[in-house]
Each structure stands twice: as C-alpha cells, then as structure tokens.
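The following block contains the structure, expressed as structure tokens.
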Amino acid sequence: MSLPFDFADGVLHAERVSLASLAEQFGTPLYVYSRAALETAYGAYANACAGRRATVHVAVKANSNLAVLNVFARAGAGFDIVSAGELTRALKAGASADKIVFSGVGKTADEMRTALRVGVKCFNVESIPELDRLNTVAGELGLRAPVSLRVNPDVDAKTHPYISTGLKSNKFGVAFEEARATYRSAARMKHLEVIGIDCHIGSQITQISPYLDALDKVLELVTQVESDGATIHHIDVGGGLGIRYDDEEPPEIGAFVRAILDRIAERGHAHREVLFEPGRSLVGNAGVLLTRVEYLKPGSAKNFAIVDAGMNDLARPSMYQAFHGIDAVVPRKGAASVYDIVGPVCESGDWLGRDRSLALEAGDVLAVRSAGAYGFVMSSNYNTRPRAAEIMVDGDQAHVVRARETVEQLLAGETILTA
Ligand SMILES: *Cc1c(COP(=O)(O)O)cnc(C)c1O
C-alpha cells in the first residue's frame with residue numbers, strides 16, 4: 001500500500017478498495033476511514049513514546065465511532081473523554097477505565113459519579129467550583145477522586161481563534177496566576193487526590209514552539225506546586241497537533257513527541273509520566289467524505305456544483321472556513337471549470353469548498369479529504385437529514401461501522417399533542 005487514499009487505475013481508493021464502488025454500494029454521503037491510516041498515525045505516537053514514561057490518550061471527540069476507537073484500544077491506547085456519553089463509548093470500544101482521563105469545562109455531578117464508579121485514571125478539572133463539586137460527589141461515594149488541574153498557560157497557539165484554547169480570553173483552564181492557589185485549595189479537599197497537571201492550548205497547531213512555551217510555564221508551576229507539598233505524578237500536554245489539509249507543514253508526529261519529551265527531560269522532569277491527548281493528528285487524514293454531484297449550476301458570478309453532502313454532514317468549512325481538499329473519485333479528462341462545491345442545506349454558509357477547479361458532470365462522486373476528524377462527530381440532522389453511514393476499509397475489505405440513519409429514527413422520539 002502507498003498512501004491510504006490514492007489513485008489506482010484512474011480511481012481514488014481507500015487502501016485497496018475503490019471509492020467509486022463504495023459510493024455505488026452504500027450510497028452517499030458516506031464517510032470512509034482507513035484502518036491502516038489509523039494504525040500508522042497511532043504507531044507514530046506509540047513508537048516515539050516507547051522507552052519513555054509516556055502514554056497516548058486518544059481524544060474521543062475527534063472521531064468517536066466505536067470501530068475507530070476499537071482500533072486504538074487494541075493498539076493499547078488510553079482515551080481522553082469530555083462527557084459520560086464518550087465514557088460509555090470508550091468502554092464499549094474496549095478501553096480500560098484506568099487509562100481514561102476525563103476532560104471538559106462543564107462536567108455534571110452525574111457524569112462525575114459515573115466516572116468515579118468505573119474508576120477513571122484522572123479528572124482534568126478546570127475551576128474551583130468544579131473541584132468543590134467533585135469533592136462533594138466523591139465524598140458521597142466514599143471515594144477519593146484523582147485530579148489534575150488544567151492550567152491556562154496564556155500562550156498563543158497561532159491557530160484559528162475558534163480552536164485556540166490556551167489564551168487568557170478563552171473559557172478553558174485555570175488562569176496561570178491562580179493555578180498555584182487553586183492547587184492549595186485542592187490539597188485541602190479531603191476527597192480529592194492531586195496527581196497531575198494538564199494543559200491543552202488549541203487545535204490544528206502547526207508549530208512546536210507554542211507547546212514548548214506552554215511546557216516551560218507548566219514545569220515552572222510544577223516546581224512551585226510541589227514546594228507547597230503536592231506530588232505531581234504526571235504532566236498531560238494535551239492534544240492539538242495539526243495536520244496537512246492544504247499547504248500546512250506541521251511537524252511529524254514523532255518529531256513532535258520527541259521535542260516535548262526532550263524538553264521535559266532537559267528541565268529535570270524526566271521522572272514524571274507524560275500524557276499526550278491527540279485527536280485530529282490520529283484520525284484527520286484517515287478519513288474522507290464521499291458525496292455525489294446532484295446538479296451543476298453555472299452562473300455569471302459563480303459556478304456551483306450542488307452535492308448531496310452539506311454543512312450538517314461536515315460542519316468545518318461553514319464553521320471555521322476550513323479548507324478540505326476535494327477530488328473527483330474518477331477524474332474526467334475534459335476541461336476543468338471553477339466551482340463552489342455547495343450542499344443542499346438552506347443556508348448560504350452551506351459550502352464544502354470554494355473556487356475549486358474540477359471537470360465535473362452531474363452524478364460524479366467527489367471525495368472531501370481530511371474528513372476523519374471533527375467530521376461525522378459534528379454532523380447534525382438539520383433540515384431533517386439523516387446522518388451519513390460510516391465505512392472502515394481494511395486492506396481489500398470494507399465494513400459498515402455505522403449504518404445510515406433513517407428518517408424514522410429521527411422522528412422516533414417525537415410526539416404530537418393529543419388535545
Ligand atoms: C479537543 C481536545 C483534544 C484533542 O485535540 P486535537 O486538536 O484533536 O488533537 C485533547 N485534549 C483536550 C482537553 C481537548 O479538548
């Protein structure tokens with residue numbers, strides 16, 4: 001196998017399976033993942049961590065399909081979750097609870113209880129009220145909750161403002177200046193056990209320097225917190241490593257991991273466990289979204305190719321003006337025109353790609369690339385559109401790992417008034 005998604009005999013393939021035949025067999029819109037691509041990306045993290053006290057906790061929110069999570073669980077991954085729903089998914093996919101870290105800014109008491117009962121590795125806590133609540137809930141259960149504080153190192157991750165999380169102006173984390181005092185508060189709470197520190201400065205980060213800046217601040221804090229009597233067993237550096245959508249040049253996964261681990265060692269913290277929480281860099285380029293051209297609509301200002309996948313299927317373009325490569329699955333020889341690739345949803349923001357030069361005819365199948373992260377998981381039923389099916393390709397085999405939703409399923413929970 002060469003690339004996980006590559007052309008063979010003029011047809012785009014996922015591993016050894018033709019994407020044209022998948023669109024024919026399973027219909028569109030259709031998400032298609034490559035098992036080999038998932039394993040390769042995970043392997044890059046795992047290999048770079050080998051021989052170090054470092055572990056990988058897959059961010060479930062980037063792609064939470066059970067089959068995808070199961071590929072990682074089988075490879076030995078831990079998981080990073082942000083809800084009780086994701087906890088259920090991770091466990092069902094084969095994760096062991098003691099390899100799950102629970103992140104998120106708004107955990108409910110119910111979610112805390114569930115996670116405490118199954119015995120997650122750590123709660124990544126983001127505020128004093130959350131510490132208070134967790135202390136109370138753990139006390140009621142007669143347990144001690146393992147806690148890490150998510151600190152906000154106030155560094156600029158140099159990414160899109162909607163996916164930057166490490167600045168003072170973001171809602172995430174404990175402000176850096178308040179972190180030491182917050183650790184002191186945590187130490188006084190009887191049903192908490194402080195075990196770590198974490199940060200997560202944003203997503204689609206294409207440089208290592210913001211990570212190293214954040215890390216230096218975090219390590220300085222670790223020294224202070226330990227001088228106050230706490231023990232910080234692990235440092236969780238979060239996720240956020242970028243991928244290539246267009247012409248970005250993010251660091252290789254291995255180089256990124258080694259840069260972080262080397263910096264931690266240089267600063268004298270090699271004895272601590274290090275956690276990585278990658279999402280996008282594991283799954284983003286392991287998936288494509290297939291969509292069929294319904295209509296070509298030429299115009300004086302713009303040509304539109306109206307396709308059967310919309311912003312409800314893939315929100316990133318409309319939400320972040322994100323770029324996704326778009327290829328015809330069977331490219332035509334004829335002259336190309338410039339199209340905006342738009343969906344059927346009744347919103348002007350419903351587009352997948354702008355100004356794309358393609359030779360198209362109605363009925364052609366397009367592959368929207370790099371759709372494995374924040375793709376299906378962000379899809380909605382807007383316009384009463386059932387969500388797409390998901391396929392996992394493994395060599396020359398294709399498995400349906402999520403059936404296409406039906407309109408009946410969408411309506412199942414609704415009732416009308418009887419009087
Ligand atoms: C979203 C998130 C991640 C994963 O981010 P990616 O950019 O997909 O790698 C990791 N940790 C936390 C706390 C997150 O919120």
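Both ligands and their constituent atoms are indexed starting at 1 by order of listing. Predicted, not measured: the structure shown is a model, and the values here were computed from it. We're numbering straight along the sequence, starting at 1.
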Sequence neighbours left out, what passes ring-ring contact (aromatic ring centres under 6.0 Å, His included) with Y374? Give chain and number order.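 For Y374 there are no ring-ring contact (aromatic ring centres under 6.0 Å, His included) partners, ignoring immediate neighbours.
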I'd like to check the side-chain contact (heavy atoms from CB on, under 4.5 Å) partners of A20; sequence neighbours left out, ordered by chain and number.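 Partners of A20 under the side-chain contact (heavy atoms from CB on, under 4.5 Å) test: V11, S18, V329, V330.
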Please collect all salt bridge (charged side-chain N to carboxylate O under 4.0 Å, His left out) contacts where either partner lies in residues 60-85, sequence neighbours excluded, each pair once.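 Qualifying pairs: none.
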List by chain and number: which residues place a heavy atom under 4.0 Å from ligand 1?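 For ligand 1, the contacting residues are A59, K61, D80, S103, R150, H200, S203, G239, G240, E277, P278, G279, R280, Y374.
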Short question: side chain of R272, backbone of I232 - any donor-acceptor pair under 3.5 Å?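 Such a contact is found between R272 side chain and I232 backbone.
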Using only heavy-atom distances, determine whether the side chains of N312 and S379 contain a donor-acceptor pair under 3.5 Å.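 Short answer, no.
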Other residues, nucleotides, ligands: >12 heavy atoms within 6.0 Å of D246 CG: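 Yes, enclosed.
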